[in-house]
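Presented below is the structure to which this report refers.
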Amino acid sequence: SECLFFFVAMAPSVSELKSTNWLRDVPLAALEDKPRKDLLTALIETQRINPAVEVRTNTVFSRYVKEGGIMQPEEVQELREAMRKLKELRGKAEEDRLAIRLINATELGGGVAEMRPDSVALLRDLKCDAEWLVIDGCGPYYDVTVHIHEGIQNPDYSPLSQAEVEIMHLVAIHNFTRLWNFFASADAIWVDDPQPLGMIPLIRAFFPDVLVQWRCHVHVDPEASIRSYIADMVEGRLDKTRDALMLKFLEFNGITDGLKPANLRAHISIFHRDNFGAGLKLQTVPVHIMGPAINPLSFKNMPINKELVKATLAKYGIIANLADPIPPIVTEVSRYDPYKGPFEVVTSFIEGLKDCKDPNIRRSARFIYAASTPGDNPSGARLLRLLQEYLDQYPLTGLPQEMQNIRHRVFLLVLSDTSREESLMARITKAQPMTDHQRSRIYDEIMQMVTYSTRQMIQELLYFDMITESTADTLLAQEDYNAEFINFSEAQWDATYKLMRDAKRTLVTQNRAKNKCYTGREMNHLEVNAFVTASPVRVQFSSKEGFGLTVSEAMYKCVEGSFGVTIGTKVGGIVSQVCTGAVGIEYPDDEVSASLKMYRTLPDDLDQVTVARMRDDIMHRSSVRKVTGEVTRWLEASTEEKKAINEAARDHVLKNFATHANLKNIVAGLHMSALQAGEMPSTKDVSRAIVSHAGERSVPSFPVYN
């Protein structure tokens, strides 16, 4: 979508925090006082000034009907009728708006964060009051969520400790109090992934009439203690020992009766595949199966011109200049994550290229690993460093002469999705308090100065009294005030303006390209689009995968003159994507285990001996040899072969994994929740201190941060 949103944060000073507040003083069984204090202080210092992400997008159903005939008018009417029936189930008048809150851990990166703006926009087009909420988090909390993320996919992973459970509960309570007003006005709350799920029992306890859905986007093959924690939070089973902190919080706020699982559980759970739901062994919460979706009209998936492709490749040094032809390219778009197989895919490219018969392909082919590092997974930096060490010491013995420079033709990229202007706005917001109106004025002024240097922007804002001298001094003194951000080259801007004009996008969208005013995310999406469009071979070498939207994104890109074939391992949600129009590779369980063991035991530094041994071990696996063979095959395949499979892939994705199909699933999930709520035991007779005599929800006197 042509989407503009920004997210800002302001940190109060530590001196404003009360040392006697409840979360700092309540007795804990395992977490010591200093780590607890550090956690709570970090939460306050990094908390967002507004948990709601501002979404501005022109994604509406009429565009799906008018642009390319992606939807039929009858389908849109069916969705509107389904929403009318849902309101009827909830006892609402047809003109009323259902208030739907969608919660996840980050607005950065791919997956949920990419789907969310379009989901919110289309729900609003269905006359819903939809809000996208992002929870607060910090380093110690992210360490635990990474542990859970790894452990939900690996039964042999380390168990969850009591101290880690208490960290999850502390952050859940913090976020619950922060989001109270959003919950108080909600009809339905959609919770994504394990990070925020600790709020589910709290939401159900304080707001018994609100529909709650929990959706899991990751592969599910869990370690026992992690399975127990997740399943119990979803099904409302609070253990007196493990979950004592949460029970004390409820007791403090007068909720002591009615704490049965039936009153605290989610109404439904949502997974991408049946076996994922079975993996959690849920007993009382129904399972709804739905895949995620891509937006065919978004900057990431729209057909783009060759000028933008070449300008992007030139920016990153993949081609030397714009006059050069586009070389054969193999690409994987993924996080630097053990489950995405970065070492395996680099090895498959090099060894697959070696087997190509055409020396021109061996001489010119490139590999791109394109990643964005989201805010809730900071551990990718170490893996990227080790992957670069692996590449720098990759054995050249046995490679043909034209491949002796292969190390310089592998591009390991980290793509920012924050523009310079957005970065400066975030720094200003941290440096000085301001109202929403002031913040909007400053941001608008910054966007008028896109041709200025960062220093000039700061000085101009100071001159017009939009920022204080203290703020200006702080910004100018920061060594990283001109840090990494995304920006287009002149060639990219020219190509983008031509693209939007030729595609007949809105005049606003065209003029923003002409005036160089795109958001960081929009530029990021166009660059990723360029990399994949340029690639005749697109790989996803996952060992575990909840779904893997990058597979559908790769399969959908089908541009005359730039046809490509997607190769994906048949694990998790990838299976349902590569069944048509793609190449699926079997990944035996023992090889998955061998891969994960390799990543778990990586040393802090790699030497030549270790790299050579790793290469041999990786190539010993049948899955890697099969991917290697497919890389060779499709680098040498004819245009007609690639076109046929790419067109089949595009049609498969459009039918099953496009945004409008996702909305049908969301509405179906809400219907299922409403029906399930009607079957649950009544909670209206439960004594709750937070319900006033008028029947309206009143805010409890939370003792968290007084």
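In this chain, residues are counted from 1 in sequence order. Any value given below was found using the heavy atoms of this structure, including those in side chains, with hydrogens, waters and symmetry copies removed.
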Legend entry - Flag if over 12 foreign heavy atoms under 6.0 Å of CG, D589: no
Inset, instruction - Test L386 against F343 for side-chain contact (heavy atoms from CB on, under 4.5 Å), laying out the working first. - result: CA-CA 9 Å; L386 292 173; F343 285 90; 4.2 Å; yes
Legend entry - Flag, side chain of Q213 to backbone of L670, donor-acceptor distance under 3.5 Å: no
Legend entry - S269 side-chain N/O to P286 backbone N/O, donor-acceptor pair under 3.5 Å: yes
Legend entry - Exercise: identify the closest heavy-atom pair between A172 and L202: O-CD1, 4.2 Å
Legend entry - Heavy-atom pair with the smallest gap, counting every atom of Q432 and T471: OE1-OG1, 2.7 Å
Inset, instruction - Using a strict 4.0 Å threshold on nitrogen-to-oxygen distance, state whether K34 and E32 make a salt bridge. - result: no
Legend entry - Trace of the salt bridge (Lys or Arg N to Asp or Glu O under 4.0 Å) decision for D25 with R36: CA-CA 10 Å; D25 296 336; R36 180 202 344 215; over 6 Å; no
Legend entry - Polar side chain donor-acceptor pair, E223 to S158, under 3.5 angstrom: no
Legend entry - side-chain contact (heavy atoms from CB on, under 4.5 Å) between I135 and I103, worked out: CA-CA 7 Å; I135 62 174; I103 308 169; 3.7 Å; yes
Legend entry - Donor-acceptor under 3.5 Å (D187 side chain, I100 main chain): no
Inset, instruction - Enter the distance from D232:CG to I200:CD1 here, rounded to the nearest 0.5 Å. - result: 12.0 Å
Inset, instruction - May I ask you to decide if R265's main-chain N or O and R204's side chain share a donor-acceptor pair within less than 3.5 Å? - result: yes
Inset, instruction - To the nearest 0.5 angstrom, please state how far the CG atom of L250 sits from the CD1 atom of I173. - result: 8.0 Å
Inset, instruction - May I ask you to test the H267-M672 pair for a side-chain heavy-atom distance under 4.5 Å? - result: no
Inset, instruction - State the OG-CD1 distance between S423 and I428, to the nearest 0.5 angstrom. - result: 10.0 Å
Legend entry - Salt bridge present between K544 and D221 (N-O < 4.0 angstrom): yes
Legend entry - Between OG1 on residue T569 and CD1 on residue I574, distance to nearest 0.5 Å: 4.0 Å
Inset, instruction - Carefully, step by step, assess T145 and Q195 under the rule side chain to side chain donor-acceptor pair (under 3.5 Å). - result: CA-CA 6 Å; T145 61; Q195 295 94 330; 5.1 Å; no
Inset, instruction - Can you measure from CD (E45) to CG (D38) and round to the nearest 0.5 angstrom? - result: 9.5 Å
Inset, instruction - Report yes if the side chains of Y336 and V414 come closer than 4.5 Å at any heavy-atom pair, otherwise no. - result: yes
Inset, instruction - Look at the side chain of R124 and the backbone N and O of C128, then say whether any donor-acceptor pair between them is shorter than 3.5 Å. - result: no
Inset, instruction - Give a yes or no on whether the backbone of Q283 and the side-chain of E235 come within a donor-acceptor separation of less than 3.5 Å. - result: yes
Legend entry - Backbone N/O of D417 and side chain of R521: donor-acceptor pair under 3.5 Å: no
Legend entry - Main-chain N/O of A52 paired with E131 side-chain donor or acceptor, under 3.5 Å: no
Inset, instruction - Would you please classify the geometry between the H217 ring and the H272 ring as parallel, tilted or perpendicular, with 30° and 60° separating the classes? - result: perpendicular
Inset, instruction - Measure the CG-CD distance between L596 and E591 for me, rounded to the nearest 0.5 Å. - result: 12.0 Å
Inset, instruction - Please confirm whether the backbone N or O of R48 pairs with a side-chain atom of R178, one donor and one acceptor, at under 3.5 Å? - result: yes
Inset, instruction - Side-chain contact test, heavy atoms from C-beta onward, threshold under 4.5 Å: evaluate it for M614 versus L602 and give yes or no. - result: yes
Legend entry - Parallel, tilted or perpendicular: ring planes of Y229 versus H169, cut at 30 and 60 degrees: tilted
Inset, instruction - Establish, yes or no, whether a centroid distance under 6.0 Å links the rings of F206 and F183. - result: no
Legend entry - Test of ring centre spacing under 6.0 Å for Y587 and F541: yes
Inset, instruction - Compare all side-chain heavy atoms of L123 with those of L98 and state whether any distance is below 4.5 angstrom. - result: no
Legend entry - Which atom of S225 lies closest to which atom of P159, heavy atoms considered: OG-CA, 3.3 Å
Legend entry - Side-chain heavy-atom pair I152, H219 within 4.5 angstrom cut-off: no
Inset, instruction - Before accepting this row, confirm whether a basic side-chain N of the pair R382/D604 lies closer than 4.0 Å to the acidic partner's carboxylate O. - result: yes
Legend entry - Audit row: M425, T429, side-chain contact (heavy atoms from CB on, under 4.5 Å) steps and yes/no: CA-CA 6 Å; M425 186 69 236; T429 307; 3.4 Å; yes
Inset, instruction - Considering non-hydrogen atoms only, spot the tightest contact between A205 and L264 and give its length. - result: CB-CD2, 3.7 Å
Inset, instruction - Could you label the plane-to-plane angle of the Y339 and H149 rings as parallel, tilted or perpendicular, counting under 30° as parallel and over 60° as perpendicular? - result: perpendicular
Inset, instruction - Determine, for R101 against D129, whether the closest basic-nitrogen to carboxylate-oxygen distance falls under 4.0 angstrom. - result: yes
Legend entry - Any side-chain heavy-atom pair of L31 and L170 under 4.5 Å: yes
Legend entry - N175 side chain to D136 backbone, donor-acceptor under 3.5 Å: yes
Legend entry - Minimum-distance pair of heavy atoms, taken over all atoms of R242 and M233: NH2-CE, 4.0 Å
Legend entry - Minimum side-chain heavy-atom gap F271-F547 below 4.5 Å: no
Legend entry - Minimum heavy-atom distance A130-V120, with the two atoms named: O-CG1, 3.9 Å
Inset, instruction - Using the six-membered ring wherever Trp is involved, compare the ring planes of F249 and F176 and label them parallel, tilted or perpendicular (cut-offs 30° and 60°). - result: perpendicular
Inset, instruction - Report yes if the side chains of L43 and L40 come closer than 4.5 Å at any heavy-atom pair, otherwise no. - result: yes
Inset, instruction - Test V171 against L39 for side-chain contact (heavy atoms from CB on, under 4.5 Å), laying out the working first. - result: CA-CA 9 Å; V171 176; L39 170 74; 4.2 Å; yes
